[in-house]
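Notes for the one structure printed next.
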Number of protein chains: 2
Amino acid sequence: MPEDKTDPIARFDLGAFLPYRLNAAAARVSRAFAEHYREEFGISIAEWRVLAHLHHAGPVSVRDIEARTEMEKSKVSRAATRLEEAGYVAKAANDADRRLVQLTLTPDGRALVARLLPVAMRFQAEMKARLGPHAEGLEAALSVLLEARR
Amino acid sequence: MPEDKTDPIARFDLGAFLPYRLNAAAARVSRAFAEHYREEFGISIAEWRVLAHLHHAGPVSVRDIEARTEMEKSKVSRAATRLEEAGYVAKAANDADRRLVQLTLTPDGRALVARLLPVAMRFQAEMKARLGPHAEGLEAALSVLLEARR
DNA sequence: TTGACATTGTTGCATCTGCAATGAATGTTG
DNA sequence: CAACATTCATTGCAGATGCAACAATGTCAA
């Protein structure tokens with residue numbers, strides 16, 4: 001319990017702590033977004049990311065998705081397996097390098113993505129509308145935080 | 001794979017999708033912050049949040065922490081149990097309502113928080129320095145997203 | 001007072017997660 | 001070419017997570 005109200009450490013408030021606020025906001029948005037498709041389409045966030053990346057980049061390997069979606073390779077691998085079992089994704093060996101697994105959208109997968117993306121874009125539009133003039137500032141800040149470095 | 005490069009759905013890029021970017025940035029920041037204390041202090045993010053809230057608000061119940069830290073009550077309960085086992089927190093029954101568990105920092109807990117908070121504040125300061133002029137915009141946007149629940 | 005209903009915190013359970021170990025394939029070096 | 005190192009994807013495992021069920025306690029109207 002803080003005693004000295006002028007001491008910045010004593011008055012530390014988790015609710016004003018930037019890393020906490022960033023996480024709380026991300027969790028809320030993520031949760032709200034998941035509600036838009038979890039029940040209707042039956043896929044998880046990890047699976048949604050894999051589908052979206054396959055839609056955007058075409059057939060790629062697990063490694064590629066790992067590199068471009070901030071997901072652990074085991075997470076990608078498991079998401080891909082579930083998507084394969086659901087019939088949305090096909091796995092094939094790469095002839096040039098047989099360590100690689102080529103992931104491809106099946107026709108069912110393309111159909112799913114075609115229904116999924118409008119929902120995503122509408123959600124993003126609503127989010128930006130809610131942010132109003134702050135949307136730009138958020139994008140800029142996220143760009144800084146996501147800059148290459150580590 | 002998108003065919004029509006002018007169709008916003010066809011050209012959808014996960015890397016430009018705001019909810020994804022928000023989550024990726026939050027995950028990075030969270031991870032970087034956790035590295036600052038996980039090994040040195042041996043506590044998790046959930047435990048850190050409970051400690052910080054106890055420091056700020058004094059003795060409170062699990063329900064209070066649940067309401068103010070965006071954590072499930074089971075998560076709070078388990079974090080509190082671990083902190084109690086580690087000697088940082090004491091649990092006591094509330095005489096007025098015996099369903100409530102009063103959580104209190106022990107002397108060891110206060111000592112831990114005293115070492116933890118400077119690390120947190122320094123981390124936040126570095127984060128804001130990195131954001132530069134975008135820090136303000138980020139704070140404003142987070143305030144909108146964290147506004148009255150939905 | 002009683003009895004239905006609500007609240008609080010814990011726990012069981014299924015699932016998810018990250019990390020490390022593994023096996024298979026490829027690359028590299030002498 | 002042989003031996004070793006590296007890369008890729010999967011899997012085992014321990015721990016974390018969310019949800020629902022639960023027991024204990026409290027509230028309130030009849």
Side-chain angles (χ1 to χ4, degrees), chain A residues 23-24 26-35 38-39 42-50 53-54 59-86 89-104 150, chain B residues 23-24 26-35 37-39 42-50 53-54 59-86 89-104:
Chain A
N23 252 275
R28 274 206 190 181
V29 169
S30 216
R31 187 180 204 76
F33 180 47
E35 280 175 10
R38 178 170 300 165
E39 188 177 346
I43 61 169
S44 70
I45 293 181
E47 287 153 26
W48 142 256
R49 287 185 184 175
V50 169
H53 188 65
L54 281 177
V60 292
S61 67
V62 169
R63 175 194 53 171
D64 289 323
I65 299 183
E66 176 192 5
R68 293 172 200 164
T69 63
E70 295 272 332
M71 294 169 66
E72 290 286 320
K73 60 181 177 178
S74 61
K75 203 173 173 178
V76 176
S77 174
R78 282 159 174 150
T81 297
R82 287 191 297 269
L83 289 171
E84 185 190 27
E85 287 166 355
V89 159
K91 291 183 183 178
N94 182 320
D95 292 329
D97 184 343
R98 293 205 316 232
R99 292 170 303 182
L100 302 179
V101 171
Q102 286 290 26
L103 300 175
T104 318
R150 192 180 306 203
Chain B
N23 253 274
R28 273 208 191 180
V29 168
S30 218
R31 187 181 204 74
F33 180 47
E35 280 174 11
Y37 61 79
R38 178 168 297 165
E39 188 177 348
I43 63 168
S44 70
I45 292 181
E47 288 153 25
W48 142 256
R49 286 184 184 176
V50 170
H53 188 64
L54 282 177
V60 291
S61 68
V62 169
R63 175 195 53 171
D64 290 323
I65 298 182
E66 176 191 5
R68 293 172 200 164
T69 63
E70 295 271 333
M71 294 168 67
E72 291 286 319
K73 61 181 179 176
S74 61
K75 202 172 173 179
V76 175
S77 174
R78 282 160 173 148
T81 297
R82 286 192 296 269
L83 289 170
E84 185 191 26
E85 287 167 354
V89 157
K91 291 183 183 178
N94 181 320
D95 292 329
D97 185 342
R98 292 205 317 232
R99 291 171 305 182
L100 302 180
V101 171
Q102 286 290 28
L103 300 175
T104 319

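Bear in mind the structure is a predicted one, so any value in this text is a computation, not a measurement. Values below: every heavy atom of this structure, side chains too, minus hydrogens, waters and symmetry copies. Sequence lines set the chain letters: A, B, ... in the order given, protein chains first and strands last, and positions in each chain run from 1.
- For the pair B/Ile45 CD1 and D/dG15 P, the computed distance is 18 Å after rounding to whole Å.
- Taken residue by residue, residues 90-100 of chain A places heavy atoms nearer than 4.0 Å to DNA chain D at A/Lys91, A/Arg99, A/Leu100.
- To the nearest angstrom, C1' of D/dA9 lies 13 Å from CD of A/Gln102.
- Residue-level contact check: A/Thr81 touches neither bases nor backbone, having no heavy atom under 4.0 Å from any strand.
- Partner of B/Leu54 under the side chain to side chain contact (heavy atoms under 4.5 Å, CB included) criterion, chosen from B/Leu83, B/Leu103, B/Asp64: B/Leu103.
- Residue B/Ser44 is classed as having no contact, given no heavy-atom separation below 4.0 Å to the nucleic acid.
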For this session: Please lay out, stage by stage, how A/Lys73 and A/Ser77 fare under the test side chain to side chain contact (heavy atoms under 4.5 Å, CB included).
Result: CA-CA 6 Å; A/Lys73 60 181 177 178; A/Ser77 174; over 6 Å; no
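- Contact between A/Ala26 and B/Asn23 at its shortest, heavy atoms only, is O-ND2, 3.2 Å.
- Using a 4.5 Å heavy-atom cutoff, the side chains of B/Lys91 and B/Thr81 are in contact.
- In summary, A/Arg28 and B/Glu70 engage in a salt bridge, as defined by a charged side-chain N under 4.0 Å from a carboxylate O.
- Of the candidates A/Ile45, A/Ile43, A/Val50, A/Glu47 forms a side chain to side chain contact (heavy atoms under 4.5 Å, CB included) with just one, namely A/Ile43.
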Problem set entry | Steps toward side chain to side chain contact (heavy atoms under 4.5 Å, CB included) verdict (B/Asn94, B/Ser61) | CA-CA 9 Å; B/Asn94 181 320; B/Ser61 68; over 6 Å; no
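- For B/Glu66, there are no salt bridge (Lys or Arg N to Asp or Glu O under 4.0 Å) partners, not counting sequence neighbours.
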Short N/O separations, protein against nucleotides 18-20 of chain C, under 3.5 angstrom:
unit_1, atom_1, unit_2, atom_2, d
C/dG18, O6, A/Arg78, NH1, 2.9
C/dG18, O6, A/Arg78, NH2, 3.4
C/dC19, OP1, B/Arg31, NH2, 3.2
C/dC19, OP2, A/Glu72, OE2, 3.4
C/dC19, OP2, B/Arg31, NH2, 3.1
C/dC19, N4, A/Ser74, OG, 3.4

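- Separating the CD atom of A/Glu66 from the C1' atom of C/dT17 is a distance of 14 Å, rounded to the nearest angstrom.
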